[in-house]
Amino acid sequence: NRYKSIVNALVMNTRALSYLQGDEAISSDYKQFWISVVQFPRTKIIYKKYNVNWCNDISIDYLKHAVDLKQIATEERVSTIGNKMTIFHHGTLAQFGEAGCPRSGAIEVIREIEPGTPVSNPERIRYFGEFSAIFTIYVGDPSVKRHAYDILFKWAADHNLTVSDTAIEE
């Protein structure tokens, strides 16, 4: 399976979910998080980009994005699989409003399509992947999600890893 390593990580580490929901995760050091490096395989996706202003109310309309992707899939006559993901471009931490306002950027909403589907419209269907990513599970209040990112950046620095300033959330 193309996402076998991610699925195995989720199954083997379900205890991380209950821990990360608790308040004790807020003040903890990164060693209490389950963090790993995973490989994202090259995958065909449908996608749509949105411009956002990080300083305004950043209540991203996930339902609208899901509807938009379904519309694109219908128009392109493709079947999607897996979960929708959001890519935060132009600064991972900018989504928390601490990067200096006014600041605008982009998010990209993606979803995998069935293997073997031809890339018929590169403005809506493209390849994504072939990179490594630092991975953890965060479940909880979005207002304290920043802490999970701080932990990931610290873990990367402590392991001498160079990371981009782009986040992918499922």
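Heavy-atom basis, side chains included; hydrogens, waters and symmetry copies ignored.
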Subject >> Flag side-chain contact, heavy atom, 4.5 Å: Glu114 against Val78 >> reply: no
**OP:** Could you walk me through whether Glu169 and Thr86 pass the side-chain hydrogen bond (donor to acceptor under 3.5 Å, both in side chains) test, one step at a time?
**Re:** CA-CA 5 Å; Glu169 297 181 4; Thr86 303; over 6 Å; no
Original post:
Looking only at heavy atoms, which two atoms of Tyr127 and Arg42 are closest? And how far apart?
Top reply: CD1-NH2, 3.2 Å
Subject >> From Lys48 atom NZ to Asp68 atom CG, the distance as rounded to the nearest 0.5 Å >> reply: 4.0 Å
Original post:
Can you tell if the side chain of Thr80 reaches within under 4.5 Å of the side chain of Leu69, non-hydrogen atoms only?
Top reply: no
**OP:** Please assess Lys70 against Arg111 for the test side chain to side chain contact (heavy atoms under 4.5 Å, CB included), listing each intermediate value before the final yes or no.
**Re:** CA-CA 9 Å; Lys70 185 170 179 62; Arg111 189 141 182 220; over 6 Å; no
Original post:
Does Asp150 pair with Lys154 as a salt bridge, N-O distance under 4.0 Å?
Top reply: no
**OP:** Run the numbers on Val37 and Leu161 for side chain to side chain contact (heavy atoms under 4.5 Å, CB included), then give the verdict.
**Re:** CA-CA 10 Å; Val37 176; Leu161 297 172; 4.1 Å; yes
Original post:
Does the distance from a Lys or Arg side-chain N to an Asp or Glu carboxylate O, for Glu108 and Arg126, drop under 4.0 Å?
Top reply: yes
Subject >> For Tyr47 against Pro122, the heavy-atom pair lying closest together >> reply: OH-O, 2.8 Å
Subject >> Check: Tyr50 ring centre within less than 6.0 Å of His65 ring centre >> reply: yes
Original post:
Of the non-hydrogen atoms in Ile168 and Phe131, which two are nearest, and what is the gap between them?
Top reply: CD1-CZ, 3.6 Å
Subject >> Heavy-atom check, side chain of Ile107 versus side chain of His89, under 4.5 Å >> reply: no
Original post:
So how far is it from Thr117 OG1 to Ile125 CD1, rounded to the nearest 0.5 Å?
Top reply: 7.5 Å
Original post:
Can any side-chain N or O of Thr74 pair as donor or acceptor with the backbone N or O of Ile72 at less than 3.5 Å?
Top reply: no
**OP:** With side chain to side chain contact (heavy atoms under 4.5 Å, CB included) as the test, would you mind laying out the steps for Ile134 and Trp155 before giving the verdict?
**Re:** CA-CA 9 Å; Ile134 299 172; Trp155 188 89; 4.0 Å; yes
Original post:
Without hydrogens or angle criteria, can the side chains of Ser132 and Gln39 be said to hold a donor-acceptor pair below 3.5 Å?
Top reply: yes
Subject >> Shortest non-hydrogen separation from Ala133 to Phe40 and the atoms involved >> reply: CB-CE1, 3.8 Å
Original post:
Quick one: are Ile46 and Phe128 in side-chain contact, heavy atoms under 4.5 Å?
Top reply: no
Original post:
Between Tyr149 and Phe153, how do the two ring planes meet: parallel, tilted or perpendicular, split at 30° and 60°?
Top reply: tilted
Subject >> Side-chain heavy-atom pair Ile110, Lys84 within 4.5 angstrom cut-off >> reply: no
Original post:
Would a distance-only check, ignoring hydrogens and angles, find a side-chain to backbone donor-acceptor pair under 3.5 Å from Thr136 to Trp34?
Top reply: yes
